[in-house]
Amino acid sequence: MISTVLVANRGEIACRVFRTCRELGIRTVAVHSDADENALHARLADATVRLPGATPQETYLRGELMVKAAVAAGADAVHPGYGFLSENADFARAVQAAGLLWIGPPPEAIEAMASKTRAKQLMGVAPLEHVTENDLPVLVKAAAGGGGRGMRVVRRLADLEAELTAARAEATSAFGDGEVFVEPYVEGGRHVEVQILADTHGTVWSLGTRDCSLQRRHQKVIEESPAPGLPDQLAEELGELAVRAARAVAYEGAGTVEFLISPDNKAHFLEMNTRLQVEHPVTEAVFGIDLVALQLRVAEGEPLESNPPSPRGHAIEARLYAEDPSHDWTPQTGTLHRLAVPNGVRLDTGYTDGDEIGVHYDPMLAKVVAHAPTRAEALRKLAGALEQATIHGPITNRALLVNSLRHKEFTTAHMDTGFYDRHLSELTQQAPDPHAPLAAALADTHGRSRFGGGGWRNVPSQPQVKRYAMGDTECEVQYRHTREGLTADGVRVIHADAERVVLEVDGVQRKFEVARYGDDHVYVNATALTALPRFPDPTAQLAPGSLLAPMPGTVVRVAAGLTVGAQVTAGEPLLWLEAMKMEHKITAPVTGSLTALNAVPGQQVQLAALLAVVQPT
C-alpha cells in the first residue's frame, strides 16, 4: 500500500490531493519553486523539497527534479495533479524507472491520448493539413497540455501564420512542447465532457457528463454536472464513446473525454485528457465519491465495483480568478488579504489570507462548488455564496461569475462557447454601492480619532471631505461632526466604528462591514475602494500615447522590424508580454509614430512600466 505521496505540482490541486491523503493516513511531500517557498501547498505537506528557480521551465516542468525529490523524501508514489507534467509519458516512465508508483494511466495510454493529434487519429479524426478560405474559421491548438493555452481562433487566412507562431510560443512556455495543429472551429457549439475511471482489472466507469461551455480564451470558467438540456440518447452516446476511447488504449485511472456538440446535437471528438480535470469536484458531488481516493485505490491495484454509484442532484463550479475581465482579462497580482465563502459550498484553493499572488503561474485563486437537488437551486446557491464571499485583494472575476450564473441564457441552459463573446460587456458591469465611500470615510474617521469617533464641537464645523476611487471612477464624500454625532446629507448615521457602519437610507437601515489594509486600500462589503489625496498631484501625467505594462511580466517578443520612428496603426500589435502562463498582446493605442520603445525580448517589466510611446499624427 502507498505510504507517502509526492505531488509533482503546486497550488490548489496539490492542496486538494494532500487533503485526501491526510484522510487516508498517507504522508505527503510537496515540491516548491523559490516563488512558492511560502505557498499554502508547501506549508500543508509533511515534507517539502525546493526546486531552484521561479519559472515553470526551471521548476515544475523539470521531470528529473521531481523524481530526485521523490526519492530524496522517501516517497513511494507520485501524483502529477493537472497541467505541467501530468500528461508527459516520459515523466511517467521516469517515475516508474525509479521504482516509484505512478498515480495515473500507463505511459503508453498517455502517449496515445495526451497528444491531441495522435488522439484524433486514434478516434478517426484528422487535423487540417492545408487551410484554405473555405475552411475558416479554424482553431489553432497545442498538441500537448490544456487549459486553453496555445489556442487561437483564426477567422482570416492572413492571420494564420502569426497565430501559429503565438500558439507555439505559448505551448512551449506552458508545457515544454511547441507542437500545434489546426482543426475546424464549430460556431455556437457546447463543450461537453465525460468523466471516466478505469481500474487494472478491465472495469471502466462512465461518470456522467459535464458542461464546460462558459470559457474565456478557451479556458473554462464555469462547469456543471450533469450537462443540462442534452437529449438522453446523446448523453448515452457520449458515455459509450468515452468508454470506447478508454478501452482503445487500455486506460487506467481517472481521465476525461471531451466533445464539442454542434447546434444540431452532433458530437465532435476533441481530445482525451489523461489526468484529473480542474472541474472534477462537480462529478464528485453528484456521484458522492472522492476521485483522488479512487485514483490511489486503482494505483494500488484494487478493483472498482462493477458499476459506479447512482448520480444525485446537480453541481456547479465557478473558477475564481485574479483577473480583470473588463480589461481584456488582464491577470492581477498582489496580496490576497482575505478569502472566505459562506458555509454550505465547497472551496478548493491554494491560497490563504496574506498570501502573495505572483506572475509566474495561473491566476486561479479558488474553485467554489455548490451542490443541490436541482440545477436551479444549485445556481442560486452558488451565485449567493459568491456574492456574499469576502474577497480582499487584487481585482477578481467575482462580478462576472455572479452575473453569469444569473444570466437568462445560462439559467435556461441555452449557452454555448461564444457566451462571453456576446455578453462580456454587460456581465462585467457592476453598479458601485453609492454609500460605500461614506461608510469607508466614517469608519476611517473612527479608526483615526483618539476619541473613538464620537468627538463633537460646540460650534458649527466645516464638512470633512474624503476622496476615493472605485474602479475607474472617483468620488468625493462629505460629513460633519455635530452634537448629534456624525451626519451626512440625506443619510442618518446609526452606528460607526472602525470595522462596522450602519446607515439609515430612506427609512431602511443598511449594514457595512469595513476592512482597511495599509493607508489606501479599503473594502466595504464587496466594494473595493482606494483612498485618494484630497488634492491630486498635478505633475502626475504621462505623454499621450504612452503604453504601460498592464501587469508584471516578461517581454517575449517585439513585432518584426519595429523600431523607433516606425509608423503604426491604432490596434496594431507592437509587443507581447507573458504573465501567469498566458501571452498578452500590447497594441498601439493610436495611429501615429513610435517615438520610444523601451522593451526588448526577455526583459522583466513591472506593473505600469513604460513600454513604448506612440505620438498621434
Side-chain angles (χ1 to χ4, degrees), residues 10-12 35-36 38-40 54-56 147-149 174 215-217 219-222 278 318-341 347 349-368 386 389-404 420 424 427-430 432 468-473 515-518 520-524 526-531 547-555 576-586 604-609 611:
R10 66 173 300 281
E12 172 268 325
D36 276 341
N38 296 312
L40 179 61
T55 68
R149 298 175 185 89
Q215 303 176 4
R216 59 99 163 102
R217 293 180 171 174
Q219 191 168 23
K220 300 161 188 173
V221 176
I222 295 177
V278 179
R319 302 190 192 186
L320 183 68
Y321 286 101
E323 66 182 12
D324 187 352
S326 64
H327 290 83
D328 197 29
W329 311 95
T330 305
Q332 307 291 302
T333 59
T335 303
L336 181 65
H337 300 292
R338 183 88 171 99
L339 174 62
V341 299
L347 178 70
T349 181
Y351 294 93
T352 55
D353 299 352
D355 285 351
E356 287 295 316
I357 301 162
V359 300
H360 298 292
Y361 314 113
D362 189 275
M364 188 175 76
L365 298 180
K367 303 178 311 194
V368 187
L386 287 166
T390 302
I391 308 169
H392 296 167
I395 295 170
T396 72
N397 65 335
R398 185 237 296 267
L400 174 90
L401 295 175
V402 173
N403 292 336
S404 299
Y420 287 129
L424 182 61
L427 293 171
T428 53
Q429 291 180 3
Q430 185 179 16
Y468 293 95
M470 291 191 295
D472 295 330
T473 63
R516 191 179 187 99
Y517 303 95
D520 301 329
H521 301 295
V522 187
Y523 295 85
V524 180
T527 301
L529 304 101
T530 301
L547 281 117
L548 304 182
M551 73 214 72
T554 303
V555 179
W576 287 260
L577 287 181
E578 182 185 275
M580 297 185 173
K581 300 172 73 175
M582 298 287 284
E583 273 196 5
H584 305 274
K585 183 165 53 181
I586 308 299
Q604 299 280 330
V605 297
Q606 297 301 314
L607 174 67
L611 302 174

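Atoms considered below: every heavy atom in the structure, side chains included; atoms not considered: hydrogens, waters and symmetry mates.
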Could you tell me which residues satisfy side-chain contact (heavy atoms from CB on, under 4.5 Å) with A549, sequence neighbours excluded, listed by chain and number?
-> L577, V605, A609, L611
Contacts of type side-chain contact (heavy atoms from CB on, under 4.5 Å), residue N38, not counting sequence neighbours = none
Which residues share a side chain to side chain donor-acceptor pair (under 3.5 Å) with N403, sequence neighbours left out = none
Decide, yes or no, whether a salt bridge links R217 with D328 under the criterion of side-chain N to carboxylate O below 4.0 Å.
-> yes
Residues forming a side-chain contact (heavy atoms from CB on, under 4.5 Å) with T554, sequence neighbours excluded = Q604
So which heavy atom on Y468 is nearest to which on A531, and how close?
-> CD2-CA, 3.7 Å
Short side-chain to backbone donor-acceptor contact, R398 and L320, under 3.5 Å | no
Quick one: side chain to side chain donor-acceptor pair (under 3.5 Å) partners of E356, sequence neighbours excluded?
-> T335
Of all residues at least two apart in sequence or in a different chain, which pass the side chain to side chain donor-acceptor pair (under 3.5 Å) check with T330?
-> none
N/O donor-acceptor pair under 3.5 Å between N397 side chain and Y321 backbone = yes
For H392, all residues meeting ring pair (Phe, Tyr, Trp, His ring centres under 6.0 Å), sequence neighbours excluded | Y517, Y523
By ring pair (Phe, Tyr, Trp, His ring centres under 6.0 Å) - contacts of Y420 (at least two apart) = W329
Does S326 have any side chain to side chain donor-acceptor pair (under 3.5 Å) partners at least two apart in sequence or in another chain, and if so, which?
-> D324
Residues two or more places apart in sequence or in another chain: which of them pass salt bridge (charged side-chain N to carboxylate O under 4.0 Å, His left out) with D520?
-> none
Residues two or more places apart in sequence or in another chain: which of them pass side-chain contact (heavy atoms from CB on, under 4.5 Å) with A39?
-> D36, H41
